[in-house]
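Order of listing sets the numbers, starting from 1, for every ligand and every atom in it. We count residues from 1, following the sequence as given.
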Amino acid sequence: MGPIGVFDSGYGGLTILKELLVQLPQYDYIYLGDNARAPYGNRSFGVIYQYTRQAVEFLFSRGAHLVLLACNTASAKALRTIQRYDIPRIGPHKRVLGVIRPSVEELASFTTTKQIGILGTSGTVQSGSYLLEIKKLFPDFDVTQHACPMWVPLVENDEYQNTGADYFIQKDLNTLLSKNSNIDAVLLACTHYPLLEAHIRQNLPKKIKVISQGTIVAQSLKNYFLRHPEIDINCRKTGQRQYFSTEDAHLFEERGKKFLGQEFSAEKVCISK
Ligand code: DGL
């Protein structure tokens, strides 16, 4: 048995882990943030795949049998390739899951107009992964995407509560709505965006619902364990947590606590070969 591995390019995945700790507190978790190489949002497919594979291999080497890519960019650009080509080589009993499919599965409960807005990094938007998944499940949905490349740096640099942040948030939301004013639900398809949620809500008409992924992904993992007891049995349940970053551990602890909503101790690790 081993911990559940949770991976993100940096701090953002801690917003997902926060909800996992609420809904599935009995499990052990090992979190890895690749802060030294974040953000991933504008990187190419090949680079994101290489970095994500190294992260997954690290988490497996620390005993995880199941890894959640708590990063939209990594889920969009690396998940399928890792599932198809790396898992059979590393260990067919291992599992890697992403955040896109579970988020899409829940969309229908948030919209009446079937006009959905997706906000994410350039990498997530360009990959077309959300468009593809939504088309499969809800072919009659009209999806409008918009990339917000300034939002992750605002959060990473701790500028997200300042008035300057509103300028970029307003600008990007106006662009999204100028593409389609009938949108009635907006999915925050980036793990960093929940920290901007209050500002996002303030800058959107009240009738538009804002969807964060944390609770949805945690609920989906809960259901996954019910459907897959053979995977659940490999996940240790002693409530232990471990935190790793590829950058300075102290910095990770300091900034990360805002994302996780609690203090934690971290270790620095090198995962590049
Ligand atoms: N965690 C990434 C995501 O959810 C955002 C940060 C990055 O660009 O690396 O897309």
Side-chain angles (χ1 to χ4, degrees), residues 5-20 31-56 59 67-80 82 96-104 117-131 133 145-160 165 168-169 172 186-197 200 210-218 220 243-247 251-252 255-256 258-260 271-272:
V6 181
F7 168 66
D8 181 41
S9 56
Y11 299 107
L14 291 168
T15 62
I16 304 282
L17 180 60
K18 184 180 174 183
E19 293 300 332
L20 294 176
Y31 183 91
L32 172 66
D34 191 9
N35 300 74
R37 302 187 291 194
Y40 282 12
N42 295 322
R43 293 191 187 277
S44 65
F45 167 84
V47 169
I48 294 169
Y49 165 57
Q50 181 198 338
Y51 289 178
T52 306
R53 197 190 59 222
Q54 288 170 348
V56 167
L59 291 167
V67 170
L68 173 67
L69 302 184
C71 174
N72 287 272
T73 311
S75 298
K77 295 212 164 185
L79 178 64
R80 290 279 171 258
I82 289 175
V96 182
L97 305 173
V99 291
I100 295 178
R101 177 79 185 201
S103 306
V104 168
I118 304 280
L119 298 171
T121 65
S122 304
T124 298
V125 166
Q126 281 161 13
S127 74
S129 297
Y130 273 97
L131 298 180
E133 287 297 329
Q145 299 195 102
H146 179 61
C148 311
M150 288 305 291
W151 291 15
V152 168
L154 284 172
V155 174
E156 288 278 323
N157 294 298
D158 207 10
E159 291 288 339
Y160 64 96
F168 290 104
I169 291 170
D172 282 312
V186 171
L187 175 68
L188 306 185
C190 173
T191 52
H192 282 61
Y193 297 175
L195 272 90
L196 300 167
E197 196 171 328
I200 294 169
V210 178
I211 314 164
S212 274
Q213 295 176 303
T215 47
I216 293 174
V217 170
S220 163
Y243 298 89
F244 291 92
S245 170
T246 55
E247 246 297 349
L251 184 68
F252 186 66
R255 295 214 176 140
K258 286 185 197 146
F259 291 75
L260 190 64
I271 60 167
S272 52

Pairs under 3.5 Å, N/O atoms on ligand 1 and on the protein: can you put them in a table with the distances?
from, atom 1, to, atom 2, distance (Å)
ligand 1, 1 (N), D8, OD1, 2.7
ligand 1, 1 (N), T191, OG1, 2.8
ligand 1, 4 (O), N72, N, 3.0
ligand 1, 4 (O), N72, ND2, 3.4
ligand 1, 4 (O), T191, N, 3.0
ligand 1, 4 (O), T191, OG1, 3.1
ligand 1, 8 (O), Y40, N, 3.4
ligand 1, 8 (O), G41, N, 2.8
ligand 1, 9 (O), S9, OG, 2.6
ligand 1, 9 (O), Y40, N, 2.6
ligand 1, 10 (O), T73, N, 3.2
ligand 1, 10 (O), T73, OG1, 2.7

Give me the ring orientation class for F259 and H192: parallel if the planes are under 30° apart, tilted from 30 to 60°, perpendicular past 60°.
-> perpendicular

Walk me through it: do Q213 and N72 pass the test side chain to side chain donor-acceptor pair (under 3.5 Å)?
-> CA-CA 10 Å; Q213 295 176 303; N72 287 272; 2.9 Å; yes

In chain order, what residues pass the side-chain contact (heavy atoms from CB on, under 4.5 Å) check against I216, with sequence neighbours excluded?
-> E106, F110, I211

Take Y243 and F252, measure what ring-ring contact (aromatic ring centres under 6.0 Å, His included) needs, and give me the verdict at the end.
-> CA-CA 9 Å; Y243 298 89; F252 186 66; 7.3 Å; no

With Y49 via ring-ring contact (aromatic ring centres under 6.0 Å, His included) - residues at least two apart | none

By side-chain contact (heavy atoms from CB on, under 4.5 Å), E247 pairs with (sequence neighbours left out) N35, A36, S245

